[in-house]
Every structure is written in structure tokens, then in C-alpha cells.
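Quick notes on the structure that follows.
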Amino acid sequence: MSPQPRTPKRLLIAGAVATLVASSACADDDGGGEAASLPAAPPGSTMPFDLYLGQDVTFILYAERQLQASCMEDAGYPQFVDTGDRLGENMFADLVKPPFRPRTEDEARTNGFHGPVPGAPAPVVSFDVGFDRALDACRARGERTLGTSRDLLATYVEQLGNSLNREIWQKLQPVEVKTADRLLDCLAAKGFEPDSRDAYKKDPNPHERFDVPLGAYEPEAPQWKPRRKPGTVAVGPPDPDRRYVPTEGESRLAVAMVRCRKETGFFAKIDRVNREAQQKIVEDHAVEFGELNPKIKAAAKRAAKALDG
């Protein structure tokens, strides 16, 4: 696991991914006309990527699961009701968090290059045809209630969300590579030298290039394999919240990395590039934001109403 993802995070959603017909560049096919305007940013926004409504999508998916659990219980399948499901934090928060963490020495000492991982509900695995039919019906009912569809959510997450993540890293990674020599000189002065400077500059990664043992997550994720018995529905153990416990060496390297990124001006530079790049990227995707954000906001309102009711 690297300190920052090199590829976009993905939330896999069943169903086909809809293709947006509209271009994200300009209003007219020939390049003429006015560029699409961006919708208003949510209250309290501090970064351009706040325009991506990740918390709303997280809430919509949670509401879908709650409606699905209730519907399945009514159909005689109570397995989803008590799985430990809960509304978690924004699954897309990394889009707006400062890149290249840890950012403070305290965080580096506590977490090394990792951080806590939220738990997950108990898995439910069906070998029952009746359960599968009821689940399909309950999912469709939930989509009608919330006014969502697999295409809407898949487009927002798989296309737009992953595009934002991929495009921002295409702007940030070259900055990391270009400033690697100064950073490595600083780390060397603090007693840390990678196995190969050339290899590090091609793919900066303290976990692979420094001879430092890594820590582990506690507690370990439960190991479970369902018994494949036709006509049954298996429920596994929930995945608990886990914290990362770094080794002493990893903590010392992480602290040195924080200090060197401050001393060399890397954090200041990357934050400036990050903000400017985010603004350009959201402007490039103005059509998608203008088309999809109102639908996501409306679905989130319906989700809140459905759960309150």
C-alpha cells in the first residue's frame, strides 16, 4: 500500500456504465460557443473538487442499503437487517484531502505512511434463488423510491469520480519526480537513503525504496469463506475498524519525510499545483457537473426523506 494511490479509487457498482453524450469541453461540436458554467459549490467548500458530491453519494448508497434491508426483511429474508451497516465518512474524501500524507510529525509518528481503515458490514452471500429474486425486486424498488439508477451512480462514480482522481495525479506526480533530488538529499542528511535514487525518481515510494520494516493493521481482518449450500444464505463476520501500527523505523522515516517535504518547500509547491490543477479539471468537466450534480442532490434529498419516514 503506497502513501497515496497511484491509480484511481474505484467503487464498483453493478450494471452498465452510462456513456455521457455531452462533451466536457465546449458547448458546440466545432469548438465555438461559450464554455459550460459550473454549478455552485456546496456550502463550506474550500477546494475546487468539493464540487464532487461524494458525501451525498455515500449517503445515497447507505439509504439504498437500508431500504433494501427493510424490504428484504418484509420478504422473509432478515439477513441484511443486523449486519453492522452504518453511514460512514465520505468515501471520496481523498479527492479534497491534502495530497502526500502524512502532513504533520505527530501523524507520522502515530500512523507511519498509513492511516485507520473503517470497518465494513457483515457480508451476505446467497445460494438461494428465492433470495436472489427478492433482492432484485428490492433493489429496483429502492431505485424507484430514491429516483436513482445504476447508470446515474455508475456514471458519477466510475466516470466522473475516477476521471477527477486520475487527472489530478497526472498533474501531481511530475512535481514529485522533479523535486525528488532535493528531497533525497534532505533524507540522506537525516540517515535515510533509498536502494536506488534513479528507481525512486521514476516511481517515488518510501515503502519500496528504503530498507525499513513496515507495521501492520490491528485487528486483522476476519477470514471467512461461506459454505456453498444450495437454498441457504450465509452471513459472515463484520469487518471491524482497524488502526495501523507502524514500526519504529517506519515512524522515523515518516517523520523525516514530513520534515524534508517542509524544508524543501515541497508541500507549498504541491498544494499550489493541486489547487490550480483542480480548478482546471472541474472546468473541463463542467458539462458533467452541470448535468449530474442536480440529480445527485435530488436523490440525496429523497434518501433523507425515505429514511426519516
Side-chain angles (χ1 to χ4, degrees), residues 1-13 42 44-47 49-50 52-63 65-66 82-124 157 161-162 164-165 168-169 172 176 192 204-210 212-224 235-262 266-267 270-271 274:
M1 184 175 180
S2 65
Q4 200 67 36
R6 301 303 188 194
T7 54
K9 287 177 123 183
R10 286 186 176 270
L11 172 65
L12 299 180
I13 296 180
S45 296
T46 60
M47 294 294 291
F49 275 9
D50 283 323
Y52 187 79
L53 305 177
Q55 186 61 64
D56 283 344
V57 173
T58 302
F59 181 67
I60 291 166
L61 293 173
Y62 169 75
R65 297 193 303 270
Q66 295 301 299
D82 190 23
T83 59
D85 194 8
R86 61 186 178 183
L87 175 61
E89 67 174 20
N90 182 356
M91 293 185 295
F92 311 94
D94 279 347
L95 280 174
V96 293
K97 288 181 179 178
F100 297 97
R101 299 185 296 274
R103 285 298 186 106
T104 69
E105 293 184 23
D106 284 345
E107 183 184 358
R109 290 188 187 94
T110 302
N111 297 325
F113 291 102
H114 299 275
V117 174
V124 177
V157 174
N162 284 322
L164 299 181
N165 202 11
I168 194 63
W169 279 102
L172 298 182
E176 184 183 21
F192 295 97
N205 192 335
H207 296 195
E208 295 178 1
R209 301 302 172 196
F210 294 84
V212 173
L214 301 180
Y217 280 99
E218 296 181 357
E220 293 184 0
Q223 300 297 314
W224 176 70
V235 180
D239 196 352
D241 293 337
R242 287 179 287 155
R243 67 187 186 99
Y244 184 75
V245 182
T247 63
E248 182 180 350
E250 182 182 355
S251 291
R252 288 192 296 105
L253 174 59
V255 169
M257 185 71 73
V258 169
R259 289 175 178 172
C260 286
R261 281 173 168 168
K262 288 180 179 178
F266 173 78
F267 281 146
I270 205 71
D271 287 347
N274 184 40

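The residues of the chain are indexed from 1 along the displayed sequence.
Among all heavy-atom pairs drawn from T247 and G215, the shortest one is CG2-N, 3.6 Å. Taking all atoms of both residues into account, the shortest heavy-atom contact from N165 to I168 is O-CG2, 3.2 Å. The two residues L87 and Y62 make their nearest non-hydrogen contact at N-CE1, 3.3 Å.
Between Y52 and F92, the ring-plane angle classifies as perpendicular under the 30° and 60° cut-offs.
Within the 3.5 Å criterion, the main-chain N or O of G112 finds no donor-acceptor partner in the side chain of Y244. A donor-acceptor pair is defined here as one N or O able to donate and one able to accept, closer than 3.5 Å; such a pair exists between the side chain of Y217 and the backbone of G115.
Atom CE of M91 and atom CD of E89 lie 10.5 Å apart (nearest 0.5 Å). Atom CG of L214 and atom NE2 of H114 lie 5.5 Å apart (nearest 0.5 Å). The distance from atom CH2 of W169 to atom CD of E176, rounded to the nearest 0.5 Å, is 7.0 Å.
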Worksheet item: Taking it one step at a time, do F192 and M257 satisfy side-chain contact (heavy atoms from CB on, under 4.5 Å)?
Response: CA-CA 9 Å; F192 295 97; M257 185 71 73; over 6 Å; no
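Every residue two or more places apart in sequence or in another chain that forms a side-chain hydrogen bond (donor to acceptor under 3.5 Å, both in side chains) with D271 is listed here: R103. Not counting sequence neighbours, A216 has no partner by the side-chain contact (heavy atoms from CB on, under 4.5 Å) test. Remark: D50 engages no residue in a salt bridge (charged side-chain N to carboxylate O under 4.0 Å, His left out) (not counting sequence neighbours). With sequence neighbours left out, the side-chain hydrogen bond (donor to acceptor under 3.5 Å, both in side chains) criterion links R86 to D241. For T83, the side-chain contact (heavy atoms from CB on, under 4.5 Å) partners are D85, P121, A122, V124, not counting sequence neighbours. Under the side-chain contact (heavy atoms from CB on, under 4.5 Å) criterion, A108 pairs with P102, A254, V255, V258, not counting sequence neighbours. Looking at residues two or more places apart in sequence or on another chain, you find a side-chain contact (heavy atoms from CB on, under 4.5 Å) between A93 and N90, K97. By the salt bridge (charged side-chain N to carboxylate O under 4.0 Å, His left out) test, E218 pairs with R243, sequence neighbours left out. For E105, the side-chain hydrogen bond (donor to acceptor under 3.5 Å, both in side chains) partners two or more places apart in sequence, or in a different chain, are R109, R259. With sequence neighbours excluded, the residues satisfying side-chain hydrogen bond (donor to acceptor under 3.5 Å, both in side chains) with N274 are Q278. Listed by chain and number, the residues in a ring pair (Phe, Tyr, Trp, His ring centres under 6.0 Å) with F266 are F100 (sequence neighbours excluded).
By the 4.5 Å heavy-atom criterion applied to side chains, P219 and R242 are counted as neighbours. Under the 4.5 Å side-chain criterion, counting only non-hydrogen atoms from C-beta, P246 is not in contact with N111.
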